[in-house]
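Input: a single structure, listed below in structure tokens.
First listed ligand is number 1; within each ligand, the first listed atom is number 1. Keep in mind that what you see is a predicted model, and the values were worked out from it rather than measured.
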Amino acid sequence: MNMNTNSKEPITPLSTKEGQGSGSAYFNPEIETMTREQIEALQLERLQATVRAEAGITPDDIKTLADVRKLPFTTKQDLRETYPFGMSCVPMKDCVRLHSSSGTTGNPTVILHTKNDLDEWANQVARNLWMVGLRPDDVFQNSSGYGMFTGGLGFQYGAEKLGMLTVPAAAGNSLRQIKFIKDFGTTAIHAVPSYVTRLYEVMKEEGVDPRCDTKLKVLAIGAEPHSEEQRKRIEEMMGVKAYNSFGMSEMCGPGVGFECPEQNGMHFWEDYYIVEIVNPETLEPVPDGEIGELILTTLCREAMPLLRYRTRDLTRVLGRTCPCGRNHVRIDRMKGRSDDMMVLRGVNIFPIQIEKILMQFSELASNYLITLTTDEENDNMTVEVELDRPTDDYKQLQALEKEIRRRLKDEILLTPIVKLVSKGSLPVSEGKAVRVVDKRKVYQ
Ligand code: ADP
Ligand code: ZN
């Protein structure tokens, strides 16, 4: 639904003491170290400011934070139906940018931003980068797509806000990326995880050892689902910590949630969002620890506030305190989107479950592709995965295939066809990796 902000009372500016001295562990200590009570009081105040009379709900109906549940959900479909500017809450002259997501079916979605929205977005990203130890003397290379994809400009503005020297390298052209990393003394990279593994392969081919030949110290990886096993691999390859970053265009983009040095889930910033996890069928809240659909309500957006947005991402709450001193809710890595789920012979499977198993085999490289086909009446799954090293030991390959099949069966309860292919033979995309190709016949 379309919610208007009260134009007479602008939302409380957030940026109190952003950008502390390099000695502080926090970018905005006052906000980051709030107690639960303080967080909730701030959220209630901001929710009331965001909601205006609509669908029988007035700010007076929002007396406690739990009253958020009285509000209707917003869906991607709502954004499509109001394409392009129907969800805007401010005059167009106050908007300074839009981002749009691909829209494979029907209209794409459009997200509008005011100048203030962009400033707050940059604050969120800067806060995250600061949290993992980056400071103004760092060199930040953004190796993600620019343009409509929010990972480009989102990280760009955030890294600049923090005060780092930024290298807007964009995605692809790995040789040039590696040259920049070496020549500019890059200390931090942001990229989608599947691209980091590609970058590492090229480094290896070029005889560049990231541990000795670069100044890298931090990676920010996100925008696509990846397993803990994939993250560990990336950390081992590159010799640095890789922090999970969550974002989506509808919520600005990157910056919504990010791991702290504890790497025990992503802190979702509750001064900017109300986080709910609900059962995707009943839409009722689920207890902490239980997996459900992530629902986000924006608290500081001017151009396009969204109430109870159904992200379709499946995850769970891990906790609400953390040894790092931040009490903003900790959210588990995404299990996938509800629409990523494959249903094969009645079994529900997420690509990430397959990745988790594959990444445990040191004989395998990181790229894989799942293809679903219909053979006569049966649906089948083929998992193609690249070998890390070439080998012509047929017996050994057969044994390896068999073991992968067995382990996959334990995880997904079906035995897929496993094909070991040579490195570099599967497609690589510059943006988010395409992990599943569904060629099944659809029976009506
Ligand atoms: P699109 O919807 O076209 O992919 P977005 O860039 O807005 O455009 O994608 C947001 C989505 O990307 C999220 O809803 C989520 O499914 C996925 N995503 C973003 N960050 C992560 C992450 N760290 N882990 C898993 N999935 C992520
Ligand atoms: Zn923490």
Side-chain angles (χ1 to χ4, degrees), residues 25-27 32-34 75-76 79-80 98-111 121 125 127-128 130-133 144-155 171 190-194 196 219-228 230-231 234 242-270 273 293-296 306 309-315 318-341 350-352 355 429 431-435:
Y26 308 104
F27 187 66
E32 288 173 60
T33 60
M34 278 179 154
T75 63
K76 210 175 183 92
L79 300 192
R80 291 204 167 114
L98 67 74
H99 279 276
S100 171
S101 87
S102 44
T104 31
T105 50
N107 279 334
T109 55
V110 164
I111 310 296
W121 181 12
V125 175
R127 186 191 287 179
N128 292 334
W130 187 281
M131 178 163 73
V132 295
S144 97
Y146 276 67
M148 286 297 188
F149 178 55
T150 52
L153 291 176
F155 269 96
H190 165 245
V192 291
S194 51
V196 178
L219 295 174
I221 53 172
E224 65 184 12
H226 56 288
S227 55
E228 183 62 31
Q230 177 82 283
R231 182 254 287 281
I234 288 176
Y243 297 98
N244 192 1
S245 160
F246 177 87
M248 64 191 314
S249 315
E250 296 91 320
M251 297 292 126
C252 283
V256 179
F258 208 92
E259 280 176 328
C260 72
E262 302 289 331
Q263 293 184 309
N264 54 359
M266 294 175 279
H267 285 290
F268 270 49
W269 299 116
E270 294 184 88
Y273 307 97
E293 180 178 342
L294 174 69
I295 308 290
L296 295 171
L306 291 174
Y309 187 70
R310 291 193 61 180
T311 66
R312 297 185 290 179
D313 288 308
L314 299 172
T315 185
L318 290 177
R320 294 173 196 270
T321 55
C322 182
C324 77
R326 295 173 185 87
N327 299 315
H328 294 254
V329 62
R330 286 187 291 111
I331 298 291
D332 203 1
R333 65 178 56 250
M334 301 297 137
K335 197 176 164 198
R337 280 201 227 193
S338 45
D339 28 345
D340 290 339
M341 191 175 78
F350 284 93
I352 213 79
E355 176 180 299
S429 62
K432 302 187 186 206
V434 178
R435 299 298 194 191

Passing option when Arg435 is tested against Pro225, Ser194, Ser429 for side chain to side chain contact (heavy atoms under 4.5 Å, CB included): Ser194
Pairing of Glu293 and Arg312 as salt bridge, 4.0 angstrom limit: no
Ligand-side contact atoms (ligand 1) for residue partner Gly222, heavy atom cut-off under 4.0 Å: 23 (N)
Ala223 N/O under 3.5 Å from ligand 1 N/O: yes
Distance-only donor-acceptor check, side chains Thr109 and Ser101, under 3.5 Å: yes
Heavy-atom gap Arg312 to ligand 1 smaller than 4.0 Å: no
Ligand 1 N/O within reach of Lys432 N/O, cut-off under 3.5 Å: yes
Any donor-acceptor N/O pair, Arg231 side chain to Ala242 backbone, under 3.5 Å: yes
Atom of His267 closest to the Zn ion (ligand 2), considering N, O or S atoms: NE2
Steps toward side chain to side chain contact (heavy atoms under 4.5 Å, CB included) verdict (Met266, Tyr243): CA-CA 9 Å; Met266 294 175 279; Tyr243 297 98; over 6 Å; no
Numbered atoms and elements of ligand 1 in range of Ser249, under 4.0 angstrom, heavy atoms: 5 (P), 6 (O), 7 (O), 8 (O)
Backbone or side-chain N or O of Asn244 under 3.5 Å from ligand 1 N or O: yes
Ligand 1 contact on Ser245 by region, counting heavy-atom pairs under 4.0 Å: backbone
Carboxylate-amine/guanidinium contact Glu259 Arg330, below 4.0 Å: no
Within the 6.0 Å centroid threshold, strictly below: Phe258 and Phe268: no
Parallel, tilted or perpendicular, as decided by the 30° and 60° cut-offs, for the rings of His328 and Trp269: perpendicular
Geometry at the Zn ion (ligand 2) - Cys260 SG versus Cys322 SG angle, rounded to 10 degrees: 110°
Heavy-atom gap Met251 to ligand 1 smaller than 4.0 Å: no
Polar atom proximity, Ser101 to ligand 1 (N or O, under 3.5 Å): no
Heavy atom of Arg337, distance to ligand 1 below 4.0 Å: yes
Ligand 1 contact on Met148 by region, counting heavy-atom pairs under 4.0 Å: neither
